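Below is one structure, written out as structure tokens, with a few remarks after it.
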Amino acid sequence: MRSSPLAQVEIAGETLRSGMRVVYARTPPVPGRPARVFVASYVLAGVFEEERQGWAHLMEHVAANNRAAIANPHPTREGQIVNGNALARPYYTNFLLIGAPDALPAMIHGRMARAGRFADDAAVFANEVGRVVTELRRDRSSLYPAYSALVSAARGRSPRLEDEVASVAAARQETLAEAMAPLYRPERTVLAISGDIDVAAARAMVRDAEARFAWPAAAPVPIRAGAPGFRFGGRALVEGQNTAAQTVAGLAWPRPALGARDLLPFLVADQLLLGGRTSGADPKRSDASPLGAALGAGIGASNLWDRQDGWAAPPMVDTGPGLYTVLFNSSRSLTPEETAAAARAALRRIEAAGLGDGAIETAKAQLASYYETWLLEPNARVIADHMVALAATGRDPAAVLGIPDAIRAVRPAAVRAAFRRHLLNVDPIAVVLPPAPPA
């Protein structure tokens, strides 16, 4: 490995008696910044495995907000918690806290409590149904509804926001609890602890918390999981769920799974197509990048993103085969057909003019350098996300430290092959959300 700040990172992992996996990363402190620790529990189930549309999001809310479900509360003060959140993602749902080092024992206790500790609380259930419905309807002026519509269309479900709202609103407490029971368990959970920590001390805190919970020994749990059957080439014009002044559009192609030979070449192709990832401080994609410029000239695309928001990790974090999405705004009136056609034409032009070895080597250098900075993000969240993805698929979490050099080792021919296999030769899913008419 090249000499870099990543060489200062200490990574360890273990599996507890309960079957819960734990990964640790001690990262160097950032000069001039307060010390921070990151603690999150990742339940290995998400949107791609949900039984009914919107249920992964609802499960996340119910589990995150059942305060009474935390057995034997930690006796010490939580200290300074600067951020906390819970998110349902395609292959996992996580419950995270970022705080000062003196909060670490209570943060570990609280995150471990999410595994198998959701109570059958009618008041919490009813409240969280209302909150999820509110959240779904709240962000209609952003790119998120287009991302959500792409995911739904890819799975053969309705891309209409109101149909997801109806699914959540119709959920029954008992049925949701039955669906959660085999998923929210210790052996389906990975706990990540990273940042300004002492690994040995953090291990002791984890064992103390495990003793407080007195979990039974791990037992096999049948899960209905499997690779989702994506339907590429779908078309959707979605009315009534975009309150922005501009058209919001999205495109989706297949994305290789973690560990697949095409994944790193595909990430290099993504960097070449959309640019932008040249520092850990600014992950926003560039409208002047090759794909941005081509879509801008063809259909007036601007404000491009390659996930649903700006901080989202590249696809390295999602463990299974998934979607590669490109989202954007346009001042024009578009149809899904012309959006997909413009994307195909743009990719053909880029292949003809912009996939030479020099351009690929530049993209590789940018992406490798970005990872070296990004994995040491001050709140230590990014390195935790990547360690969990590796641990969840039986890989050594310390392999995260080799990502930059692995990117540098990618051959240009492999990038061109991944580009053709996953982008150029696939008819993408396209969704268009026209501006809603004035009320």
Side-chain angles (χ1 to χ4, degrees), residues 1 6 9-27 37-46 48-49 86-98 104 107-108 111-116 182-195 197 199-200 202-207 209-210 215 217-221 223 225 227 256-260 263-264 267 312-322 371 374-377 379-404 406:
M1 182 185 299
L6 287 178
V9 176
E10 176 188 356
I11 289 179
E14 63 178 326
T15 300
L16 306 181
R17 291 191 305 274
S18 63
M20 180 181 290
R21 284 161 282 186
V22 188
V23 292
Y24 308 86
R26 182 193 62 79
T27 59
V37 291
F38 173 91
V39 181
S41 57
Y42 295 70
V43 177
L44 301 181
F48 286 168
E49 290 83 19
L87 298 165
R89 291 303 192 200
Y91 284 98
Y92 62 87
T93 299
N94 72 339
F95 305 89
L96 62 95
L97 290 172
I98 299 169
L104 189 57
M107 290 166 67
I108 289 173
R111 296 308 89 179
M112 290 178 72
R114 301 303 169 195
L183 301 177
Y184 280 67
R185 292 178 56 90
E187 63 269 28
R188 294 277 298 175
T189 300
V190 183
L191 181 73
I193 305 168
S194 55
I197 66 170
V199 172
R203 284 182 185 269
M205 296 174 197
V206 166
R207 292 191 172 88
E210 185 182 37
W215 281 314
V221 178
I223 302 295
L258 181 66
L263 180 58
L264 290 182
L267 292 184
M316 182 69 74
V317 173
D318 288 339
T319 57
Y371 257 100
W374 199 43
L375 289 170
L376 295 174
E377 184 186 35
N379 69 22
R381 174 176 183 169
V382 173
I383 196 168
D385 280 348
H386 286 66
M387 289 193 304
V388 166
L390 291 163
T393 51
R395 294 169 173 82
D396 180 0
V400 69
L401 302 178
I403 291 174

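The structure presented is a predicted model; accordingly, all values stated were derived computationally and were not measured. This chain uses plain numbering: 1 for the first residue, then up along the sequence.
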Taking all atoms of both residues into account, what is the closest heavy-atom pair of Met112 and Ala209, and its distance?
SD-CB, 3.6 Å
Can you tell me how far CZ of Arg381 sits from CD1 of Ile98, rounded to the nearest 0.5 angstrom?
6.5 Å
Ala389 versus Leu258, closest heavy-atom pair with distance:
O-CD2, 3.4 Å
Taking every non-hydrogen atom, the tightest pair across Ile11 and Val9:
CG1-CG1, 3.8 Å
Look up atom OG1 in Thr93 and atom CG in Leu183, then write down how far apart they are to the nearest 0.5 Å.
8.5 Å
Backbone N/O of Met20 and side chain of Thr189: donor-acceptor pair under 3.5 Å:
no
Please tell me if the side chains of Arg21 and Leu44 come closer than 4.5 Å, counting only heavy atoms from C-beta onward.
yes
NE2 of His386 to CH2 of Trp374: how many Å apart, nearest 0.5 Å?
5.0 Å
Taking the side chain as C-beta and beyond, is there a heavy-atom pair between Leu6 and Pro404 under 4.5 Å?
yes
Kindly indicate whether the side chain of Ile193, heavy atoms from C-beta on, has any atom under 4.5 Å from the side chain of Val206.
yes
Gap between atom OH of Tyr371 and atom CG of Leu267 - 0.5 Å precision
5.5 Å
For residues Val37 and Met107, report the shortest heavy-atom separation together with the two atoms involved.
O-CE, 3.8 Å
Atom pair CZ (Arg203) and CD1 (Ile108), whose distance is rounded to the nearest 0.5 Å:
12.0 Å
Assess the side chains of Tyr24 and Glu14: does a donor N or O sit below 3.5 Å from an acceptor N or O?
yes
Heavy-atom pair of closest approach, residues Ala384 and Phe38:
CB-CE2, 3.4 Å
Do the ring planes of Tyr92 and Tyr42 sit parallel (below 30°), tilted (30 to 60°) or perpendicular (above 60°)?
tilted
Once you round to the nearest 0.5 Å, how far does CG of Leu104 lie from CE of Met205?
4.5 Å
Which heavy atom of Leu390 sits nearest a heavy atom of Asp396, and at what distance?
CD1-O, 3.8 Å
